[in-house]
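Working notes for the structure below.
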Amino acid sequence: MEAEYLDGLNPEQRIAVEHFEGPILTLAGAGSGKTRVLTTRITHLIHEHGVDPSSILSVTFTNKAAAEMRTRIRRLLGREPAGMWIGTFHSIGARLLRRHAARLGWTPNFTIYDADEALRETKRTLERLRHSPKRWNPKAVHSAISSAKNQLVAPSQYEKMAADPFSRIVAEVYPAYDAALREQNAFDFDDLLVKPVELLRDHEEIRLAYRSRFTFVLVDEYQDTNHAQYVFLQLLTAGDDAGNIMVVGDDDQSIYGWRGADIRNILDFEKDFPAARIIRLEQNYRSTGRILDAANAVISRNTKRKGKTLRTEAGPGDLLTIVSTLDERDEGDWIGSEIEARMRRHPDVPLRGYVVLYRTNSQSRAMEEAFRRRDLPYQIVGGTRFYERREIMDALAYLRLISNPRDAGAFDRIINYPRRGLGDTSRAKLLEWAAQQAMTPLEAALRADEHPDLRGGAAQSFVTFAGMIQRYTALAAHIGVGELIEKLIAEIGMVDALRDEGPEGADRIENVNELIAGAADFDARADIDEEDRVEDATALDMFLQKVTLLTDVDRHDPDAQAVTLMTVHNAKGLEFPVVFIAGMEDGLFPLARAFDEPDTLEEERRLFYVAITRAERKVFISHARTRRRAGEVMPGRPSSFLDPLPKHLTDELTTPGLERARHAGETRWSRRDPVTGAGSLGYRDRPRTSGRSPRFEGSDDGVYIDYSDAQDAPRFVKGERVRHPQFGRGVIRDLSGLGQELKATIDFDTIGRKKVVLRYANLQKEL
DNA sequence: CCGTCAACAGTTTTT
DNA sequence: CTGTTGACGG
């Protein structure tokens, strides 16, 4: 007798679902039902093969995906898959660390430092080592440390490879930064991957225990795994053909190379597991025909891919509409008006069926303003995330210090917030004393009255503060997190402090209230996985660790009656009936810097492919004639990514705003240049650029940027050594800007980091 | 110690 | 254009 859950699977899906033992790679195109394959296979393993759920480890890309999969499995199975581990690499890493914290020298109530706190710690470390954070950009230093960690390069190894001055600074900061984290009983995001690898690598009995427990490992979005994650999986699965590992992914949707994701992981899976079975899911259940044809046309330009063509049984559907707009404001207005118009014509598509996708978060601003003007409900995913808002981080810093008294970052953040008369001077005195006496900042504060020279008022303030934190630490063992935050916020007078800040303080108060509500909800639902329970960890510890790992997508409410605004990155895995892709201009999508590196350009193209394939029924692609970027008005031309779109799949239109501007412009232009000016402003009549190469064509009407100059100038690449007439020798760290404005960020051997405009700099390649 | 103002740097994507 | 940092005076 066959289980019902197998009904309706296509032959390929069915093979993947029924696969029992041994490695298997499932290349799942966009919309090919991979989540269904994963959940059904897990169900099948448990139901049909009698696999104990606690033998299953399933890795997802977001917490939300994990929660959804668990729910679906519960439904298919008719019971809770108790003991199954499902979560992101980071949350699974955190769980392992919590269970074995002592092995590594941490305690289970460790703090997870988010990006912001990690950056602050980097800066503090630089200062401690007497390096100026002005000369050596803390962000760059931290990002170098982060990449090193993701490549599993330990401080000692890094030290050996550090040749240039910048790397030598990093080599110095890296171990000191790690030591500071250890002292504070903290991990950063990257540690959540790196430390579990160390744990499994260096402790055989732990490695063997987990290997024998997790006999079935499933990994979603495998194309976006980095080296540390790869090694983590190898350690867990023994890394040979005996392992029952299923990876699901799509090389065409690999969009996290900048974060260290290594597309070779998926491309080389067959080399790693020679016996691997390979299944291709090319049947798409999401989009109509023309959308898929367009997506296929775009992605076929990439060279580094396994090759895969999506097909659908749905009809051809609508054309993709390419919209020319005047500027970003006009673009937002047009999108808003089109949504309103479609709402009237297609009442079956609710507001939540619309999404606006863009390349960079800064584009959300114009959209937001346009939607506000029209009173169109929207929800923004990403950008300044909830848990990254200042007031939320302040409140959380209190909780962190209460949960983990060694957290110096938290101490630093809140010691004078709200104001308690403890400025830089008193703080510096206390911290110096603390370091001398080998005390944590909080311990020092508690004994501040013993400090040799601290103003009496300040000393008293420190003692009161530390006493309060201690009281809450004791309290945290007995009351719920919601109640704890509520009491705390009241005691420190945070609401009053925010109210004094003026109008935007009201929003912040709202956010704080939302945090309290969230915590109360956490208490009410007893939102702790049994597998996460460890001795000596309080509900507060669990709450904090969970909250830091939440992403914005996790907070996205798919049922809200609102248009969704988000970056293409955030849209991965989601689908919408109607998709707007905004800002489709060269230099923005793809970003300018991508033109220097073929691999990056391919990644941008995959990103565009991801954007198109989010759509079920309709795609709009808009670009603006001019766009304000960092206060400057920049001219733009339609993205060269549009070039491969066959004419028969698209139609083009111009917004009324651009139409008006064009008429006004023609009169002006024709006076100046009656021959070439008239009618040439609109590229609608202009032949499509060939798009055979990423090389730009020259401007044809004076409005688009002339890129041809950039081709003649010497071309520089990142990492290249150069010589500057004034600043001497250095290494190019970064390139930005376009054409005439091309700028290079250079780490000079003698004077550190500087940004120069290539046009003026007269840079030479160093021989 | 704290508020104000000018100067300045920074804009890619995120766990 | 915006958020952050530094200098200065109360």
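This one's a predicted model, so the numbers in the text were calculated from it and none came from an experiment.
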Between [N] ([atom2]) and [X] ([atom1]): distance, integer Å:
| X | N | atom1 | atom2 | answer |
| --- | --- | --- | --- | --- |
| Glu604(A) | dT12(B) | CD | P | 11 Å |
| Asp114(A) | dT15(B) | CG | P | 12 Å |
| Asn63(A) | dT14(B) | CG | C1' | 13 Å |
| Leu588(A) | dT13(B) | CG | P | 11 Å |
| Gln223(A) | dT13(B) | CD | C1' | 15 Å |
| Leu607(A) | dT12(B) | CG | C1' | 10 Å |
| Phe61(A) | dT14(B) | CZ | C1' | 8 Å |
| Asp220(A) | dT15(B) | CG | C1' | 15 Å |

Inset, instruction - Could you walk me through whether Arg625(A) and Asp330(A) pass salt bridge (charged side-chain N to carboxylate O under 4.0 Å, His left out), step by step? - result: CA-CA 10 Å; Arg625(A) 173 64 59 101; Asp330(A) 185 40; over 6 Å; no

Legend entry - Arg329(A) atom CZ: more than 12 heavy-atom contacts under 6.0 Å: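 12 or below, so no.
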
Inset, instruction - Look at atom CZ of Arg420(A) and say whether more than 12 heavy atoms of other residues, nucleotides or ligands are closer to it than 6.0 Å. - result: yes

Under 3.5 Å, N/O pairs linking protein and nucleotides 3-5 of chain B:
{"unit_1": "dG3(B)", "atom_1": "OP2", "unit_2": "Arg419(A)", "atom_2": "NH1", "d": "2.9"}

Inset, instruction - Determine yes or no for a side-chain-to-main-chain donor-acceptor pair under 3.5 angstrom, with Asp407(A) supplying the side chain and Arg400(A) the backbone. - result: no

Legend entry - Any donor-acceptor pair under 3.5 Å from Thr613(A) side chain to Ala30(A) backbone: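 No, the answer is negative, given that no donor and acceptor are paired below the 3.5 Å cut-off.
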
Inset, instruction - Any chance you could lay out the side chain to side chain contact (heavy atoms under 4.5 Å, CB included) test for Leu422(A) and Arg427(A), step after step, and finish with the verdict? - result: CA-CA 6 Å; Leu422(A) 298 171; Arg427(A) 179 191 321 205; 5.9 Å; no

Legend entry - Aromatic ring pairing Tyr230(A)/His227(A), orientation class (parallel under 30°, perpendicular over 60°, tilted between): parallel

Legend entry - Glu585(A)/Arg627(A) ion pair, N-O < 4.0 Å: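 Yes.
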
Legend entry - Short N-O contact, Glu117(A) and Arg124(A), less than 4.0 angstrom: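 Salt bridge: yes.
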
Legend entry - Which nucleotide in dT15(B), dT13(B), dT12(B) has an atom nearest any side-chain atom of Phe189(A): dT15(B)

Legend entry - ring-ring contact (aromatic ring centres under 6.0 Å, His included), paired with Phe187(A), selected from Tyr113(A), Tyr177(A), Phe110(A):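 Option passing the ring-ring contact (aromatic ring centres under 6.0 Å, His included) with Phe187(A): Phe110(A).
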
Inset, instruction - Check DNA chain B against residues 566-575 of chain A and give the residues with a non-hydrogen atom under 4.0 Å, in numerical order. - result: Thr567(A), His569(A), Asn570(A)

Inset, instruction - State whether Phe61(A) and Lys572(A) meet the cation-pi test: NZ (Lys) or CZ (Arg) under 6.0 Å from the six-membered ring centroid, and within 45° of the perpendicular axis. - result: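 Judged by the rule (NZ or CZ under 6.0 Å from the ring centre, within 45° of its axis), Lys572(A) counts as positioned above Phe61(A).
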
Inset, instruction - Go through the side-chain N and O atoms of Asn511(A) and Glu391(A) and say whether any donor and acceptor fall under 3.5 Å apart. - result: yes

For [X], answer base if it contacts any base atom (sugar-phosphate contacts may also be present), sugar-phosphate if it contacts only those atoms, and nothing otherwise; contact means non-hydrogen atoms under 4.0 Å.
| X | answer |
| --- | --- |
| Asn361(A) | sugar-phosphate |
| Thr425(A) | sugar-phosphate |
| Thr62(A) | nothing |

Inset, instruction - Check whether the ring centres of Tyr256(A) and His569(A) lie less than 6.0 Å apart, and answer yes or no. - result: yes

Legend entry - Pairwise P distance, dT4(C) and dT13(B) [rounded to whole Å]: 16 Å

Inset, instruction - Take nucleotides 1-10 of chain C nucleotide by nucleotide from the 5' end and write B, S or -, depending on whether a protein heavy atom sits under 4.0 Å from the base, only from the sugar-phosphate, or from neither. - result: SS--S-----

Legend entry - Short side-chain N/O contact from Asn416(A) to OP1 or OP2 of dC2(B), under 4.0 Å: yes

Inset, instruction - Answer yes or no: side-chain N or O of Arg259(A) and base N or O of dT15(B) forming a donor-acceptor pair under 3.5 Å. - result: no

Legend entry - Whether Tyr256(A) stacks on the six-membered ring of dT14(B) base, 5.5 Å and 30° limits: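 No, Tyr256(A) does not stack on the base of dT14(B), since the centre distance and plane angle fail the 5.5 Å and 30° test.
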
Inset, instruction - Could you pick out which residue, Trp258(A) or Arg455(A), lies toward the 5' side of DNA chain B when each is mapped onto its nearest nucleotide? - result: Arg455(A)

Legend entry - First of Asp190(A) and Arg427(A) reached from the 5' end of DNA chain B, by closest nucleotide: Arg427(A)

